[in-house]
Trainee: 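What follows is a single structure, and I will ask about it in a moment.
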Amino acid sequence: MDFRFDLIANYAPFFLKGTLLTIGFSVASIILGTILGLLIGLGEMMRNKKLAAPFRVYVTLFRGTPLLVQIMIIHFGFVPLFIGETNVYISGIAALSLNSAAYVAEIFRAGIQSLDRGQMEAARSLGMTHVQAMQHVIIPQAFKRMIPALGNEFIVLIKDSSLVSVIAAPELMYWGNAMQGQYYRPWEPYLTTAFIYLILTMVCDFLLRKLERRLATE
Amino acid sequence: MIRVENLKKSFGDHEVLKDITVSIAEKEVVVVIGPSGSGKSTFLRCLNRLEEITSGHVYINGMDIADPKVNINKIREDVGMVFQLFNLFPHKSVLENIMLAPMKVKKVSKEVAEEKALRLLEKVGLKDKANVYPESLSGGQKQRVAIARALAMEPKVMLFDEPTSALDPEMVGEVLEVMKELAQEGMTMVVVTHEMGFAREVGDRVLFMDGGYIVEENKPELLFGNPQHERTKAFLSKVL
Ligand SMILES: Nc1ncnc2c1ncn2[C@@H]1O[C@H](COP(=O)(O)OP(=O)(O)O)[C@@H](O)[C@H]1O
Ligand SMILES: [Mg+2]
């Protein structure tokens with residue numbers, strides 16, 4: 001087997017563009033998914049079961065169906081419904097964020113429920129409202145505990161962003177496929193693609209570990 | 001100050017408080033004793049509605065906290081609570097633990113809250129621990145910080161739920177000393193404890209609870225010296 005680095009060099013500009021878009025999809029979806037996930041997690045924990053129900057249904061739906069199917073439904077169904085045309089960027093970010101939010105909500109809920117009930121009681125006994133107690137006592141502690149699981153979710157999200165190649169969003173996987181289609185060679189396109197994903201997830205892992213260490217010493 | 005009328009509390013179909021009626025006067029120190037599972041903690045937690053009240057009335061300064069319309073947060077500002085397991089906020093320094101509620105609830109400025117917190121730390125003998133985190137404190141120190149944290153809201157009543165039960169024996173004294181000082185300053189206190197020495201020395205009145213009732217109440221010397229009920233006698237013979 002001869003490994004043609006020159007072909008990879010030819011494709012380098014496309015891989016670069018694709019990588020940037022993968023980073024863009026991932027960062028946007030991590031931010032939106034985390035914010036949305038926190039809100040959904042809070043919604044799920046509302047004491048009023050009727051109000052909490054829609055949030056639980058949301059989590060069940062997004063965790064119980066394949067991301068690939070969600071991408072299709074959002075891209076061909078919801079996005080045209082709302083904006084009148086398809087748009088791979090909106091579809092990609094929407095699908096990845098909405099999907100990730102369901103997992104973040106569960107991570108957040110587990111983080112809060114792992115805290116001792118006495119923390120909430122102490123805060124409430126001092127006259128704090130439920131919201132104040134959540135804001136100043138519960139969420140900061142839960143957040144610290146969430147970081148490892150949340151980091152895991154971010155890494156999954158970076159890898160899963162490759163699925164949006166099926167709607168022809170020109171990200172990393174898309175260009176890997178394109179190169180394979182052009183040269184009919186399996187190794188160069190897919191090993192390069194895999195290698196770049198590996199770098200991205202390792203950087204993400206490194207940053208999270210740093211954050212975790214900083215919070216631990218605080 | 002506190003008036004409890006026909007208080008009942010059930011968890012599901014398990015009735016834990018069966019019919020409690022009792023009044024506590026201003027500046028009074030009431031000690032609650034009784035076997036484990038008799039409902040002492042539940043009774044105390046009904047006094048600031050950490051437990052929902054199933055039926056009956058609990059008046060704090062004339063306000064019935066069993067009424068769902070009452071602003072419970074406002075009332076809790078006047079009712080401090082100290083827990084068996086301290087429940088300090090581990091992500092905040094000792095000083096921040098004490099300053100948090102005055103700043104967020106009473107909207108006191110940072111400067112004023114800090115000055116007050118330092119004064120309270122001095123009072124409980126821990127001024128040098130202001131900037132450490134709770135995890136580096138001993139149990140006795142943690143409980144003294146928890147007392148200071150509750151006092152920072154300037155409560156009119158303090159509730160203590162077995163404040164020394166989780167402590168090593170050599171640390172019990174330092175916490176009881178702070179509580180005694182508080183009683184001498186005229187704080188109204190309701191204290192669940194197994195420290196019979198404290199009950200005798202500091203208590204104005206002792207309530208003996210068993211099976212969800214207040215079986216007997218009296219001045220400490222009378223309750224300990226001349227118990228009237230069989231169950232009180234049986235309990236005291238085990239703990240004294
Ligand atoms: N949150 C709860 N849910 C169900 N049962 C409870 C709860 N809290 C207390 N109990 C029950 O109420 C009874 C009295 O408990 P408690 O007030 O803690 O007693 P004590 O403080 O005197 O030991 C016990 O039988 C206990 O199991
Ligand atoms: Mg108890």
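Letters A, B, ... mirror the listed sequences (proteins, then strands); counts begin at 1.
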Trainee: Can you tell me how far apart CE (A:M120) and CG (B:L50) are? Round to the nearest 0.5 Å.
Mentor: 11.0 Å

Trainee: Judged by modelled atom types alone, do A:R124 and B:N48 share a side-chain donor-acceptor pair under 3.5 Å?
Mentor: no

Trainee: Hey, is NZ on B:K156 packed in by over 12 heavy atoms from elsewhere, all under 6.0 Å?
Mentor: no

Trainee: Under 3.5 Å, side chain of B:N87 to main-chain N/O of A:G118, donor-acceptor pair present?
Mentor: yes

Trainee: Under 4.5 Å, counting heavy-atom pairs only, tell me which of A:Q132, A:H136, A:M128 racks up the most with chain B.
Mentor: A:H136

Trainee: What part of B:L85 lies closer than 4.5 angstrom to a heavy atom of chain A: side chain, backbone, both or neither?
Mentor: neither

Trainee: Against chain A, label B:I75 side chain, backbone, both or neither, depending on which of its atoms sit under 4.5 Å from a heavy atom there.
Mentor: neither

Trainee: If you draw a 6.0 Å radius around CE in B:M63, do more than 12 non-hydrogen atoms from other residues or ligands fall strictly inside?
Mentor: no

Trainee: More than 12 non-hydrogen atoms from neighbouring residues, nucleotides or ligands closer than 6.0 Å to CD on B:Q184, yes or no?
Mentor: yes

Trainee: Could you look at B:R149 and say if it's the side chain, the backbone, both or neither that has a heavy atom under 4.5 Å from chain A?
Mentor: both

Trainee: Rounded to the nearest 0.5 Å, how far does NE2 of B:H91 lie from CG of A:L215?
Mentor: 12.0 Å

Trainee: Identify which of B:M153, B:K104, B:K106, B:R45 forms the greatest number of heavy-atom pairs closer than 4.5 Å to chain A.
Mentor: B:K104

Trainee: I'd like to know whether CZ of A:F76 has more than 12 heavy-atom contacts from other residues, nucleotides or ligands below 6.0 angstrom.
Mentor: yes

Trainee: Is it the case that more than 12 heavy atoms not belonging to A:Y190 sit under 6.0 Å from its OH atom?
Mentor: yes

Trainee: Write down the atom of B:F89, the atom of A:A122, and the distance for their closest heavy-atom approach.
Mentor: CE2-CB, 4.0 Å

Trainee: Taking the side chain as every heavy atom from C-beta outward, state whether A:L126 and B:L100 have any pair of such atoms under 4.5 Å apart.
Mentor: no

Trainee: List the atom of A:Q119, the atom of B:P90, and the distance in Å for their closest heavy-atom pair.
Mentor: OE1-CD, 3.5 Å

Trainee: Got a sec: does the CZ of A:F143 have more than 12 other heavy atoms crowding it under 6.0 Å?
Mentor: no

Trainee: Can you confirm whether more than 12 heavy atoms, excluding those of A:R56, are under 6.0 Å from its CZ atom?
Mentor: yes

Trainee: Should the heavy atoms of other residues, nucleotides or ligands under 6.0 Å from CE of A:M46 be counted, would the total exceed 12?
Mentor: yes

